[in-house]
Structure formats: C-alpha cells, structure tokens
Amino acid sequence: MTERVQLRQGLILGLLAALSWGIYNVGAEIGQATGFRPVDLTMLRYGGAALLMLPLLYLARNRLPALRQIAILSLLIGPGFALLFNEGFQRAPLSHAVVIGPGTSMLVANLLVRLIDRSKMSWNRNIGMAILIAGLLIIAADAPPPRASGGAVWIGDLCFLAAGSLWGCYVFIMGRWRLPPIETTAAIATLSSLFFVPLYLIQWGLPPMTPKLWAEQFFYQSVMGGCLAFIIFAATVQRLGAGRAALFSALVPSCAVLLAIPITGQFPNAWQLTGVIVTTLGLIVSMDMRRARPARLPTAG
C-alpha cells in the first residue's frame with residue numbers, strides 16, 4: 001500500500017475518530033447535566049465497552065498483545081485518564097479544557113516523535129499545528145464557564161495538562177507498537193474494568209437514574225467513547241503514524257460544536273464557526289497531501 005493511499009485512508013479514519021469523540025463529548029455534557037457523576041460516566045466508558053467487546057476478546061484470545069503492553073496502555077488512557085479530565089471539568093472553565101487537553105496531546109505526541117524517533121517535522125506540520133492551536137483558542141474564547149465551583153482553577157488546568165500528556169504518550173506508543181486496533185481496545189477496556197468497576201461499586205455505587213438515561217449514556221460512553229472512537233483512532237495511528245494522527249485531537253472541539261446542532265439543538269455562533277474553519281484549515285495544512293509519495297510511512301509519524 002502506497003503512502004498516498006495510507007494517507008487518504010488515515011485522513012478518513014481520523015475524521016471519523018474526531019466525530020466519534022465529538023459525539024462522546026456532547027453525550028458526557030448531557031450526562032453530567034442530567035445528574036451523572038464523573039465516576040459514573042467513567043464506569044460506563046470502560047465497563048460498558050468491556051461488556052460489549054467481551055465476545056471479540058474471546059475470539060481473538062490468541063492474537064492479543066502482550067499483557068505488559070496492555071497494562072502500560074491501560075495506565076495511560078484507562079480510568080485514571082478519564083477521571084483526570086472529568087476532575088478538570090469540575091474546577092476549570094470549559095474554555096481551558098478545549099485548549100489545554102487537545103493542544104497538549106498534539107504537542108506531546110509530536111515532541112516524542114521528534115526527540116525519540118529523531119523524525120523531523122516539516123514546515124507544513126509546524127505551521128498547521130500553529131493554525132490548529134489558533135482555532136482552539138478561537139473556540140475557547142466563547143466557551144461557557146463551568147457549571148459549578150470546584151476549587152482552584154489552576155488545579156483543573158493541571159488535570160487537563162496531565163490528561164493531555166497521557167493521551168499524547170498513548171498515541172506515540174501506539175504508533176511505535178502498531179498493535180491491532182480491535183483486540184487492543186477490547187483488552188484495554190477489560191483490564192481497566194477489572195480494576196475500576198469493583199472499586200466503583202464499593203466506593204460510590206450506582207446512582208438512581210431511569211433506564212432511559214442509563215441507556216442513553218451507555219450509547220455515548222460505552223459504544224461511542226469506549227469502543228468505536230478508540231478502535232477508529234488506533235486504526236488512524238496505524239496508517240498515519242503518531243505525529244499526524246495526534247493532530248486529529250484538535251478537531252474534537254470543532255466536531256462537538258457542530259454535533260451539538262442535531263443532538264441538543266444548540267447552534268454555534270460566529271466565534272465557534274470561525275474556530276471550526278480555522279482548525280479544519282490547520283489540519284489540511286498539517287497533512288500536506290501534495291508531498292505524499294509512493295513510499296512506506298515511517299514507524300511513528
């Protein structure tokens with residue numbers, strides 16, 4: 001498969017991954033607004049995904065990555081990662097999350113590619129990343145404040161910084177290891193659930209929500225956030241490498257803004273639309289489609 005074909009496939013998969021994360025983010029906002037706690041959403045994200053993918057895990061039991069690899073990835077983007085991000089939402093404005101989370105993950109993944117793999121980034125990549133961050137800042141300029149006070153804002157910012165760094169490390173490692181997307185996602189969800197779900201039931205317990213609300217969040221958290229988004233993004237990393245794939249993290253806020261129209265009936269204003277356009281332009285510049293050659297992609301970006 002040539003680099004141009006891989007680039008096109010990776011671009012489509014990356015956009016689908018950003019859309020999936022956008023749906024998940026809108027669903028998380030709905031969930032917290034209807035009374036779900038961050039720990040409830042985290043439990044659904046990993047426990048529900050493990051339940052859905054258990055048959056696949058059994059069928060692929062002979063093709064699973066090494067336990068050491070799954071353990072490392074689970075530490076990076078398991079329940080701890082989700083709780084960090086949700087804790088940040090309780091303390092810092094949404095505008096901070098929009099910039100710090102995706103921006104940090106994009107920069108960390110590309111920095112690791114540059115420092116560890118000694119892979120130089122093109123001018124297009126550097127300029128495109130700057131445009132992407134500018135688009136995130138435009139979207140953040142009009143973002144609403146947090147729903148409730150939760151302590152020092154700088155602590156929330158540190159949570160976003162830590163979560164974004166963990167995701168950037170995950171993207172880089174996936175780019176180096178080239179693990180199968182479906183089997184890896186199923187194994188991460190299962191291992192994370194084995195540790196987190198018992199703790200959740202003992203420490204917090206299930207909230208008294210209606211079956212309809214549980215079913216709604218099962219779709220957003222388990223199906224979209226826990227399964228599809230992870231699988232599609234892992235496939236994106238396989239085709240584009242860590243550096244390029246990490247750029248799609250910056251599109252998630254834009255996708256959430258657009259998806260809020262059909263899901264919640266909220267229409268974006270001029271600032272938000274401008275941010276969507278700018279981030280899209282940044283991605284196009286970063287991909288540098290014209291330079292694709294019929295050659296094999298580098299290992300990690």
Side-chain angles (χ1 to χ4, degrees), residues 12-59 74 77-86 89-90 94 97-98 101-102 147 163 167 181-194 196-197 200-201 204-236 248-249 251-268:
I12 294 171
L13 289 168
L15 292 173
L16 289 175
L19 283 172
S20 300
W21 287 124
I23 293 173
Y24 158 76
N25 284 344
V26 173
E29 288 290 310
I30 295 172
Q32 295 196 43
T34 54
F36 282 96
R37 301 164 297 182
V39 289
D40 303 326
L41 302 181
T42 301
M43 183 277 295
L44 281 172
R45 179 173 177 176
Y46 296 95
L51 185 63
L52 284 172
M53 303 193 74
L54 195 58
L56 292 174
L57 189 69
Y58 176 77
L59 293 174
S74 297
I77 47 93
F81 162 79
L83 289 172
L84 270 175
F85 225 101
N86 286 323
F89 274 119
Q90 303 302 308
L94 181 61
V98 168
R147 286 177 292 274
W167 183 261
I182 297 176
E183 292 88 340
T184 303
T185 300
I188 291 173
T190 302
L191 185 60
S192 298
S193 299
L194 288 175
F196 183 74
V197 173
Y200 166 82
L201 294 174
W204 295 285
L206 297 171
M209 297 295 179
T210 64
K212 180 181 178 181
L213 290 177
W214 277 111
E216 182 181 68
Q217 285 306 310
F218 184 84
F219 170 75
Y220 286 125
Q221 305 298 320
S222 306
V223 177
M224 299 305 301
C227 291
L228 290 181
F230 269 111
I231 292 172
I232 297 171
F233 187 78
T236 304
F248 287 92
S249 300
L251 283 190
V252 175
S254 297
C255 289
V257 167
L258 295 177
L259 289 167
I261 299 174
I263 296 176
T264 66
Q266 297 177 355
F267 286 84

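Just so it is clear, the structure is predicted and the values come from calculations on it, not from any experiment.
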Taking every non-hydrogen atom, the tightest pair across P181 and T185:
O-OG1, 2.8 Å
Distance col, row T42:OG1 vs L83:CG, nearest 0.5 angstrom, shows 4.0 Å
With rounding to the nearest 0.5 Å, note down the distance linking CG in L44 to OH in Y200.
7.0 Å
Sequence neighbours excluded, every pair satisfying side-chain hydrogen bond (donor to acceptor under 3.5 Å, both in side chains) that has a member inside residues 217-236:
Q217-Q221
Is the backbone N or O of G47 less than 3.5 Å from a side-chain atom of S193, with the two atoms forming a donor-acceptor pair by type?
yes
Which atoms form the tightest heavy-atom contact between E216 and I30, and what is the distance?
OE1-CG2, 3.8 Å
Looking at R37 and L206, what are the two nearest heavy atoms and their distance?
NH2-C, 4.4 Å
Considering all heavy atoms of both residues, which atom of L258 and which atom of P262 are nearest to each other, and what is their separation?
O-CD, 3.4 Å
Are the side chain of D40 and the backbone of F36 linked by a donor-acceptor contact shorter than 3.5 Å?
no
Indicate the ring-plane relationship of F230 and W167, choosing parallel, tilted or perpendicular according to the 30° and 60° boundaries.
tilted
For the residue pair N86 and Q32, establish whether any side-chain heavy-atom pair is separated by less than 4.5 Å.
yes
Within this structure, what is the CD-CD1 distance for the pair E183 and I188, rounded to the nearest 0.5 Å?
11.5 Å
Show the nearest heavy-atom pair for residues P253 and S249, with the distance to one decimal.
CD-O, 3.8 Å
Taking distance alone, no hydrogens or angles, what donor-acceptor pairs closer than 3.5 Å link side-chain atoms of residues 15-25 to residues at least two apart or in another chain?
{"residue": "S20", "atom": "OG", "partner": "L16", "partner atom": "O", "Å": "2.9"}
{"residue": "Y24", "atom": "OH", "partner": "R45", "partner atom": "NH1", "Å": "2.8"}

Atom CZ of F81 and atom OG of S192: how far apart are they, to the nearest 0.5 Å?
11.5 Å
Rounded at 0.5 Å granularity, tell me how far CG in L59 sits from CG in L54.
10.0 Å
Supply the atom-to-atom distance I232 CD1 to I182 CD1, rounded to the nearest 0.5 angstrom.
10.0 Å
With sequence neighbours excluded, residues passing side chain to side chain contact (heavy atoms under 4.5 Å, CB included) with I261
F267, P268
Could you tell me whether the side chain of Y46 and the main chain of G78 form a donor-acceptor pair under 3.5 Å?
yes
